[in-house]
**Q** 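Got a structure for you, written out below as structure tokens; questions coming shortly.
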Amino acid sequence: MNDYLHFTMDDADIGRLSSLALAHVGDCVYELLTRGRLVTGGLTTARNLHSHTVALVRASAQYEAAQKILPMLTEEESDVFRRARNTKVHGVPKAASKAEYAYATALEALFGWLYLKGRYERINALYDVIAQPKA
């Protein structure tokens, strides 16, 4: 029986993935963390959950999230982040600047990379920092 909740890959297989493939996985991981946080935080209506989720996962919010965790990243994590940030994308949403979108893609790639490596504690530690209210 497969464990579809925990996909892990070895380093060689992860190394063959593009930054955008990592971001594809990380987008889901990041949104699931955000949705879980909102539900457990007391939001109950679908409208509130959706609007708060969208506000927290948009590129500008992910840009800010990335700024919070960048100083905490290991050298290996920084390499993953940097490669993804420098990836050429074919379009940027109207609501985001090119820099915001690049950082959002990098954040998602980092979360995808961590997830595929099975580093769930690290994902939670980084997301805990992101979830802290602004000082």
Side-chain angles (χ1 to χ4, degrees):
M1 180 174 189
N2 290 319
D3 182 359
Y4 291 110
L5 190 56
H6 299 104
F7 288 100
T8 57
M9 298 173 75
D10 63 30
D11 289 340
D13 287 337
I14 292 172
R16 285 190 280 277
L17 296 175
S18 71
S19 292
L20 293 178
L22 293 173
H24 179 73
V25 172
D27 174 59
C28 180
V29 172
Y30 192 84
E31 186 158 337
L32 181 60
L33 290 165
T34 300
R35 287 175 179 233
R37 174 179 155 219
L38 293 173
V39 168
T40 59
L43 287 177
T44 57
T45 67
R47 175 179 276 173
N48 281 339
L49 288 168
H50 178 73
S51 64
H52 281 82
T53 299
V54 169
L56 293 171
V57 300
R58 68 172 33 119
S60 58
Q62 288 184 339
Y63 172 86
E64 290 178 18
Q67 299 306 316
K68 287 181 169 183
I69 65 166
L70 277 172
M72 301 175 53
L73 299 184
T74 66
E75 185 176 334
E76 190 178 26
E77 292 166 349
S78 292
D79 287 345
V80 170
F81 188 94
R82 186 174 29 263
R83 275 194 308 275
R85 186 192 65 216
N86 293 333
T87 297
K88 301 288 187 232
V89 293
H90 296 291
V92 175
K94 292 179 188 175
S97 71
K98 189 174 180 180
E100 287 172 335
Y101 195 67
Y103 275 76
T105 300
L107 180 72
E108 291 173 350
L110 174 62
F111 273 77
W113 180 81
L114 289 168
Y115 177 78
L116 292 172
K117 288 185 79 66
R119 295 184 182 172
Y120 311 121
E121 286 183 25
R122 183 62 173 160
I123 290 170
N124 286 321
L126 293 174
Y127 196 80
D128 279 344
V129 171
I130 289 167
Q132 295 300 312
K134 292 181 184 178

**Q** Looking at CD1 of I123 and CH2 of W113, how far apart are the two atoms once the value is rounded to the nearest 0.5 Å?
**A**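 If I round to the nearest 0.5 Å, the distance is 10.5 Å.
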
**Q** If two hydrophobic side chains count as joined below 4.5 Å and joins carry through other members, does L33 share a cluster with F7?
**A**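 Result: yes, single cluster for both.
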
**Q** Is it the case that atom CD in E121 sees more than 12 heavy atoms from other parts of the structure closer than 6.0 Å?
**A** no

**Q** Hydrophobic cluster membership, with links at side-chain heavy-atom distances under 4.5 Å among I/L/V/M/F/W/Y: are L32 and L38 in one?
**A**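 No.
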
**Q** For L107 and I69, what are the C-alpha separation, side-chain angles and deciding distance, and is it a side-chain contact (heavy atoms from CB on, under 4.5 Å)?
**A** CA-CA 9 Å; L107 180 72; I69 65 166; 3.6 Å; yes

**Q** Under 4.5 Å between any side-chain heavy atoms of R37 and L56, yes or no?
**A** yes

**Q** Is a donor on one side and an acceptor on the other found under 3.5 Å between the side chain of N86 and the backbone of R82?
**A** yes

**Q** The test is side-chain contact (heavy atoms from CB on, under 4.5 Å); show your working for L110 and L126 and say whether it passes.
**A** CA-CA 10 Å; L110 174 62; L126 293 174; 4.2 Å; yes

**Q** Measuring from H24:NE2 to S19:OG, what's the distance to the nearest 0.5 Å?
**A**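 If we round to the nearest 0.5 Å, H24:NE2 and S19:OG are 14.5 Å apart.
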
**Q** Please determine whether residues L114 and L17 belong to a single hydrophobic cluster, defined as Ile, Leu, Val, Met, Phe, Trp and Tyr linked transitively by side-chain heavy-atom distances below 4.5 Å.
**A**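 Yes, one cluster joins them.
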
**Q** In sequence, state the C-alpha distance, the side-chain angles, and the governing distance for E77 and R122, and then conclude on salt bridge (charged side-chain N to carboxylate O under 4.0 Å, His left out).
**A** CA-CA 11 Å; E77 292 166 349; R122 183 62 173 160; 2.8 Å; yes

**Q** Determine, using the 4.5 Å side-chain heavy-atom cutoff (strictly less than), whether F81 and Y101 are members of one ILVMFWY cluster.
**A**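 Different clusters.
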
**Q** Test T34 against Y127 for side-chain contact (heavy atoms from CB on, under 4.5 Å), laying out the working first.
**A** CA-CA 9 Å; T34 300; Y127 196 80; 2.8 Å; yes

**Q** Looking at every heavy atom in both Q67 and P71, which two are closest together, and how far apart are they?
**A** O-CD, 3.6 Å

**Q** Is a salt bridge present between E31 and R35, judged by a nitrogen-to-oxygen distance below 4.0 Å?
**A**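 R35 and E31: salt-bridged.
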
**Q** For E100 and S97, indicate whether the former's side chain and the latter's backbone hold a donor-acceptor pair under 3.5 Å.
**A**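 Pair found, side chain donor or acceptor close to backbone of S97.
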
**Q** Should Y103 and M72 be regarded as members of a common hydrophobic cluster, given that ILVMFWY residues are connected when their side-chain heavy atoms come within less than 4.5 Å of each other, either directly or indirectly?
**A**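 In one cluster with Y103: M72, yes.
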
**Q** Closest approach of A104 and A59, non-hydrogen atoms and distance?
**A** CB-CA, 3.8 Å

**Q** Run the side-chain hydrogen bond (donor to acceptor under 3.5 Å, both in side chains) test against N48 and tell me which residues pass, sequence neighbours left out.
**A**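 With neighbours one apart ignored, the set is T45.
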
**Q** Do T8 and L116 make a side-chain contact, defined as non-hydrogen atoms from C-beta onward lying under 4.5 Å apart?
**A**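 Contact flag for T8/L116 side chains = no.
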
**Q** Can you confirm whether V25 sits close enough to F111 that some side-chain heavy atom of one is under 4.5 Å from a side-chain heavy atom of the other?
**A** no

**Q** Atom CZ of R83 and atom OG of S18: how far apart are they, to the nearest 0.5 Å?
**A**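 One gets 11.0 Å once the value is rounded to the nearest 0.5 Å.
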
**Q** Working to the nearest 0.5 Å, report the span between CD of E64 and NZ of K68.
**A**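 If we round to the nearest 0.5 Å, E64:CD and K68:NZ are 8.0 Å apart.
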
**Q** Test your reading of the model: is there a side-chain donor-acceptor pair from K117 to the backbone of I14, 3.5 Å cut-off?
**A**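 Looks like no, no N/O pair under 3.5 Å.
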
**Q** Identify the heavy atoms of L49 and T53 that sit nearest to each other, and give their distance.
**A**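 Smallest heavy-atom distance, with atoms named: O-OG1, 2.7 Å.
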
**Q** NZ of K88 to CG of L20: how many Å apart, nearest 0.5 Å?
**A**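 K88 atom NZ to L20 atom CG measures 12.0 Å (nearest 0.5 Å).
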
